[in-house]
Amino acid sequence: MTPLAGVLGYPVAHSRSPAMHNAAFAAVALDWRYVKLPVPPSLFVETVRALPGSGYRGANVTIPHKLSALEVADSATAAARGVGAANTLTFAAEGAIEADNTDAGGFLDALGESPRGRRALVLGAGGAGRAVAWALREEGAGEVLIWNRTPERAEDLARELDLDAVVAPRGADIVVNATSVGLDAVEPAEAVCALGLEPLDAPAVVVDLVYAERATPVVAWAERVGARVVDGLEVLVRQGVRSFERWTGQAPPLDVMRAAAREG
Ligand code: NAP
């Protein structure tokens, strides 16, 4: 039977992961297939439990299942436990399920420089903000500030990770957009205003987790102020690279995966 992998989400129609992973399997001559698995929350647990017996070796997990993915697993990596959510499941031959979080390490790989000793501002306290804030803390960032539209969520996350919440964005060396602002077509000025970016001094580097067909408003702002830019597709590719390696044990073809993800 052809080994399978897939992405569990709801919705999942626009995922670029199948293109990225199928290109990678072909590049390393692995006879694997990666498919979209649109699964509503009510069917998530029973679907995951059925996957290992149906030829699946692994799965990525996206909105809204990342918390349930950690709960359904038999074991979890330090990253999945630390973040409190999983985006990668690996199935052992006997059916055991291991949870990992490659969003955190993938973000650090995409960042491409050590955050050690530097001040970081994380915009957003949802699932992505949680993974990014945890990763920055683990890598020794000097200060990690969390801002969120709903301030209580920033305060809760900061308390849990022993970081600081801010009621208004402040200047930082590294600014990460982990909100969904920019996902829908929105005027750049409106997005920059919603995130309180305009008054900030130019950061050294800006990471926008959001990706879209057009340049996102946060990327446009970062380019305008002269920051180095890491876009959401690079973060997607880097988390995918880590998942691929975990499932197959093979060195991931990074350039092939990047090209496939960018082609959509
Ligand atoms: P989530 O858990 O639903 O959180 C959404 C976040 O966006 C919350 O912090 C929310 O603030 C904020 N937000 C939504 N609309 C806003 C607005 N108009 N103004 C200010 N803040 C707003 O989603 P998530 O899983 O964290 O994902 C966030 C984004 O990251 C999504 O666009 C997702 O596609 C992207 N992402 C990308 C990658 C990648 O590999 N590139 C990986 C993971 C996620 P409130 O708490 O106030 O609602």
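Residue indices begin at 1 and follow the sequence shown. This one's a predicted model, so the numbers in the text were calculated from it and none came from an experiment. When a ligand or atom number is given, it counts from 1 through the structure's own listing order.
- Legend: side chain to side chain donor-acceptor pair (under 3.5 Å) pairs involving residues 91-100, not counting sequence neighbours, sorted by first then second residue: T77-D100, E98-R246, D100-R246.
- Remark: R159 engages D156 in a salt bridge, criterion side-chain N to carboxylate O under 4.0 Å.
- Applying the side-chain contact (heavy atoms from CB on, under 4.5 Å) test between W134 and each of L161, V144, L157, L163 identifies L161 as the sole match.
- With respect to the salt-bridge test (charged N to carboxylate O, under 4.0 angstrom), the residues R130 and E160 qualify.
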Would you mind writing out a table of all protein N or O atoms found under 3.5 Å from any N or O atom of ligand 1, naming both atoms and giving the distance to 0.1 Å?
unit_1   : atom_1 : unit_2 : atom_2 : d
ligand 1 : 2 (O)  : G127   : N      : 3.0
ligand 1 : 7 (O)  : S180   : N      : 3.1
ligand 1 : 9 (O)  : A125   : N      : 3.2
ligand 1 : 9 (O)  : N148   : OD1    : 2.6
ligand 1 : 11 (O) : N148   : OD1    : 3.4
ligand 1 : 18 (N) : R149   : NH1    : 3.4
ligand 1 : 26 (O) : G127   : N      : 3.1
ligand 1 : 26 (O) : A128   : N      : 2.7
ligand 1 : 40 (O) : L236   : N      : 3.4
ligand 1 : 41 (N) : L209   : O      : 2.9
ligand 1 : 41 (N) : G232   : O      : 2.9
ligand 1 : 46 (O) : N148   : ND2    : 2.8
ligand 1 : 46 (O) : R153   : NH1    : 2.7
ligand 1 : 47 (O) : R149   : NE     : 3.1
ligand 1 : 47 (O) : T150   : N      : 3.0
ligand 1 : 47 (O) : T150   : OG1    : 2.5
ligand 1 : 48 (O) : R149   : NH2    : 2.9

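- Counting only residues at least two apart or on different chains, the side chain to side chain donor-acceptor pair (under 3.5 Å) pairs with a member in residues 30-48 are Y34-N60.
- Counting only residues at least two apart or in different chains, side chain to side chain donor-acceptor pair (under 3.5 Å) contacts with residues 63-73 comprise K66-D103.
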